[in-house]
Amino acid sequence: MVGWTGDIQVFAPTAAFLYDCDAFLRSWLEDVRLEQRAAHGVVPMVVPAVIPQVPGLLKPVAAWGDAITVVPAVLWERFADHDTLRDCYAAMTAWVDVVRDRAGSALLWEEGLQFGDWLDPDAPPERPGDAKTDAGIVATAYFHRSAQLTARTAALLGLEGDARHYADLAERIAEAFRGAYITPHGRMMSDSPTAYALAIVFDLVHGARRQAMGDRLRDLVRAGGYRIATGFVGTPIICEALTATGHRAAAARLLTQTECPSWLYPVTMGATTVWERWDSMLEDGSINPGQMTSFNHYALGGVADWLHRCVAGLAPMEPAYRVIRVAPTLLDGLDDASVWHETPFGRAEAGWRRDGDEVSFHARIPPNTRAVVELPSGARHEVGSGTYTWTESHPPPSSPRAPLTLGSGLDAVIDDRTAYLTVLDAIRGVDAARAETFRRTTRLWRGRELREPLDKAPLPVLAAVEKALAELPAHER
């Protein structure tokens with residue numbers, strides 16, 4: 001096992017929910033600071049730095065080196081570990097200052113070695129860093145995040161001058177990011193899910209442009225058949241970006257997808273751990289011959305933090321859960337969600353369960369704490385310690401199925417899970433290879449008709465699809 005800094009950076013929030021990892025990560029951060037000091041402010045890709053590198057030639061790598069700002073911030077948020085913030089503050093400023101030198105006057109980090117959105121599923125097996133998202137977008141987004149976290153840490157430590165300095169730097173990086181990478185109408189220069197997720201979740205865009213970017217993210221996720229199209233950087237935050245911009249249905253489809261690549265595809269192949277690659281085991285049962293093929297690698301499981309905080313709805317509103325936020329999100333296709341966490345004050349719980357049109361929400365708030373509860377209806381409650389339940393009416397979304405034909409939009413087909421599977425089965429019944437090609441390569445864009453990717457299909461395939469669609473029940477979605 002090697003202590004890759006990028007992996008714990010994306011997984012730290014999930015780790016801090018599942019385990020009392022404060023002492024372990026506090027100790028590890030001591031090692032990070034020692035290695036960083038030897039490397040003149042650069043945080044190595046692995047700590048302890050067992051991969052041989054010449055210290056004077058060590059270069060900063062975004063998302064990996066940013067562990068020195070992100071992990072202490074997580075320990076503060078989840079455990080109120082003020083000592084670690086204090087101990088790491090000089091290392092945080094050293095890291096941000098190193099990157100500031102690399103970014104130059106433009107404040108865009110676009111030079112040097114970068115892993116970017118590592119292990120993008122579209123990258124060739126032999127080139128795991130060839131992601132759809134420009135590495136400069138990833139690096140500059142993380143530069144902003146680290147400057148922002150450093151500013152907040154300075155404020156908590158009472159260093160008002162430093163707080164203003166790094167807050168101003170963070171805002172100037174955000175302005176540079178928007179100017180270089182985002183169009184006035186909310187399109188990213190790298191038109192990829194990770195690029196949009198970073199801008200939304202890292203608070204780099206606001207207002208109408210933020211919503212436009214969320215809408216575009218939804219369109220990209222849909223066009224990809226609700227299969228994962230993100231690597232190490234984008235995967236932990238993509239569902240949060242979707243729900244934060246009002247696209248719960250897209251997040252639900254992405255979460256519950258079983259086709260490769262998806263979180264549940266490994267489960268269909270018998271996995272009991274998170275894999276490093278979505279397809280570490282290929283669909284025919286053989287092992288992926290490319291690099292980075294591991295069957296026990298936690299980083300892509302970072303989505304669990306979104307499940308805890310946003311779906312079940314339990315999150316710290318003040319450090320160490322002294323004030324708790326309970327804000328559940330109902331997802332289509334899920335009947336219930338529930339979490340508990342052992343806070344420093346005792347066990348906290350939150351969750352919900354659907355029974356027909358009614359949804360019951362529950363929360364358990366430990367002694368000497370309080371909670372702000374925000375239910376899907378918009379109802380807001382402020383409560384003290386104790387056990388609570390609320391019930392609201394939330395009928396599952398349903399609507400009559402419009403007749404579907406070869407002239408129907410591909411977006412209408414993919415948004416109707418049953419219809420999409422019906423189309424695949426119909427093609428497969430005539431030509432299995434063509435069905436697999438359709439599934440793997442078709443971009444399901446709004447405004448594109450189903451007949452377009454089938455324009456060279458033989459008549460029996462077209463007839464089978466038309467017949468299958470005509471037999472779909474009109475009332476079922």
> How close do Leu204 and Leu198 get, heavy atom to heavy atom, and via which atoms?
CD1-O, 4.1 Å
> For Trp390, enumerate each residue passing the side chain to side chain contact (heavy atoms under 4.5 Å, CB included) test, keeping only those at least two apart in sequence or located in another chain.
Phe361, Ala363, Val373, Leu375, His381, Val383, Tyr388
> Any heavy-atom pair between the side chains of Tyr19 and Glu342 that's under 4.5 Å?
no
> How many angstroms lie between CG in Asp219 and CG in Asp411, if you round to the nearest 0.5 Å?
8.5 Å
> Considering residues, nucleotides and ligands other than Arg370, do more than 12 of their heavy atoms fall under 6.0 Å from its CZ?
no
> Using a 4.5 Å cut-off on heavy atoms from C-beta on, say whether the side chain of Phe79 contacts that of Cys21.
yes
> Go through the steps to decide whether Leu169 and Thr150 satisfy the test side-chain contact (heavy atoms from CB on, under 4.5 Å), and finish with yes or no.
CA-CA 10 Å; Leu169 176 61; Thr150 302; over 6 Å; no
> Compare all side-chain heavy atoms of Trp118 with those of Trp64 and state whether any distance is below 4.5 angstrom.
yes
> Could you tell me which non-hydrogen atom of Ala63 sits nearest to which non-hydrogen atom of Val233, and how far apart they are?
CB-CG2, 4.1 Å
> Got a donor-acceptor contact below 3.5 angstrom from the Thr245 side chain to the Leu242 backbone?
yes
> Testing the basics here: between Gln114 and Ala62, what is the closest heavy-atom pair and its distance to 0.1 Å?
OE1-N, 2.9 Å
> Which heavy-atom pair separates Pro328 from Ala312 by the least distance, and what is that distance?
CB-O, 3.6 Å
> Under 3.5 Å, side chain of Ser286 to main-chain N/O of Leu282, donor-acceptor pair present?
no
> Do the side chain of Arg434 and the main chain of Pro458 share a donor and acceptor less than 3.5 angstrom apart?
no
> To the closest 0.5 Å, what do you measure between CG (Leu108) and CD1 (Ile137)?
10.0 Å
> For the pair Glu471 and Arg401, find out whether any cationic side-chain nitrogen is under 4.0 Å from an anionic carboxylate oxygen.
no
> Does Thr329 reach the main-chain N or O of Cys310 with its side chain, forming a donor-acceptor pair under 3.5 Å?
yes
> Does the separation of the ring centres of His144 and Phe202 fall below 6.0 angstrom?
no
> Using the side-chain contact (heavy atoms from CB on, under 4.5 Å) rule, take Arg227 and Trp278 through it: C-alpha gap first, then chi angles, then the decisive distance, then the call.
CA-CA 11 Å; Arg227 293 186 291 268; Trp278 304 108; over 6 Å; no
> Find the distance between OG1 (Thr230) and NZ (Lys132) and round it off to the nearest 0.5 Å.
7.5 Å
> Does one side chain, of Trp76 or Thr153, offer a donor that lies under 3.5 Å from an acceptor on the other?
no
> Treating Asp357 as the side-chain partner and Ser393 as the backbone partner, does any N or O pair qualify as donor plus acceptor under 3.5 Å?
no
> Measure the shortest side-chain to side-chain distance between Glu374 and Val372 over non-hydrogen atoms and say whether it is less than 4.5 angstrom.
yes
> Between Tyr321 (side chain only) and Pro344 (backbone N and O only), is there a donor and an acceptor less than 3.5 Å apart?
no
> CZ of Arg277 to CD1 of Ile287: how many Å apart, nearest 0.5 Å?
12.5 Å
> Pair Asn296, Thr273 - check side chain to side chain donor-acceptor pair (under 3.5 Å), show working.
CA-CA 6 Å; Asn296 188 10; Thr273 55; 4.6 Å; no
> Measure the spacing between CG of Asn288 and OG of Ser294 and express it to the nearest 0.5 Å.
12.0 Å
> Within a strict 4.5 Å, meaning less than it, do heavy atoms of the Phe143 and Leu107 side chains meet?
yes
> Below 4.5 Å, heavy atoms only, C-beta onward: do Ile182 and Met188 meet side chain to side chain?
yes
> A quick test of your reading: do over 12 heavy atoms of other residues, nucleotides or ligands sit less than 6.0 Å from NE2 of His206?
yes
> Please enumerate all residues that pass side chain to side chain contact (heavy atoms under 4.5 Å, CB included) together with Ala348, with sequence neighbours excluded.
Leu314, Ile324, Thr343, Pro366
> Taking Thr422 for the side chain and Ala468 for the main chain, is one N or O donor matched with an acceptor at less than 3.5 Å?
no
> Compare every heavy atom of Arg178 with every heavy atom of Glu171, then report the nearest pair and how far apart it is.
OE2-NH2, 3.0 Å
> Apply side-chain contact (heavy atoms from CB on, under 4.5 Å) to Met189 and Thr183, showing your working.
CA-CA 7 Å; Met189 301 306 289; Thr183 73; 4.2 Å; yes
> Please identify each residue that fulfils side chain to side chain contact (heavy atoms under 4.5 Å, CB included) with Pro13, with sequence neighbours left out.
Val74, Arg78, Asp305
> Quick one: side chains of residues 402-410, donor-acceptor pairs under 3.5 Å with protein atoms, not counting sequence neighbours, listed by atom name and distance.
residue : atom : partner : partner atom : Å
Thr405  : OG1  : Gly407  : N            : 3.0
Ser408  : OG   : Thr405  : N            : 2.8
Ser408  : OG   : Thr405  : O            : 3.3

> Can a donor-acceptor pair be found, under 3.5 Å and without considering hydrogens, that links the side chain of Gln211 to the backbone of Ala208?
no
> Evaluate whether atom CZ of Arg446 has more than 12 neighbouring non-hydrogen atoms of other residues, nucleotides or ligands under 6.0 angstrom away.
no
> Parallel, tilted or perpendicular: which fits the ring planes of Tyr265 and Trp275, with parallel below 30° and perpendicular above 60°?
perpendicular
> Can you see which heavy atom on Phe345 is nearest to which on Ala320, and at what distance?
CE1-O, 3.4 Å
> Assess, by modelled atom type and distance only, whether the side chains of Thr389 and Ser360 contain a donor and an acceptor separated by less than 3.5 Å.
no
> Do other residues, nucleotides or ligands put more than 12 heavy atoms under 6.0 Å from Asp455 CG?
yes
> Does some side-chain heavy atom of Glu259 sit less than 4.5 Å from a side-chain heavy atom of Leu424?
yes
> Mark yes or no for whether Gln9, through its side chain, and Val70, through its backbone, hold a donor-acceptor pair below 3.5 Å.
no
> Any non-hydrogen side-chain atom of Thr235 less than 4.5 Å from a side-chain atom of Trp263?
yes
> Would Asp203 and Gln148 satisfy side-chain contact (heavy atoms from CB on, under 4.5 Å), going step by step from the backbone distance to the final call?
CA-CA 10 Å; Asp203 199 30; Gln148 193 176 63; 4.2 Å; yes
> Among all residues two or more places apart in sequence or in another chain, which pass the ring-ring contact (aromatic ring centres under 6.0 Å, His included) test with Tyr298?
Phe11
> Can a donor-acceptor pair be found, under 3.5 Å and without considering hydrogens, that links the side chain of Glu276 to the backbone of Leu119?
no
> Got a second to check how far Leu454's CG is from Thr437's OG1, nearest 0.5 Å?
11.0 Å
> Step by step, would you call Asp415 with Tyr226 a side chain to side chain donor-acceptor pair (under 3.5 Å)?
CA-CA 9 Å; Asp415 281 347; Tyr226 296 107; 2.5 Å; yes
> Is it true that Glu283 and Arg439 make a salt bridge, defined as a side-chain N closer than 4.0 Å to a carboxylate O?
yes
> Go through the structure and list residues passing side chain to side chain contact (heavy atoms under 4.5 Å, CB included) with Glu349, not counting sequence neighbours.
Trp340, Arg347, Arg364
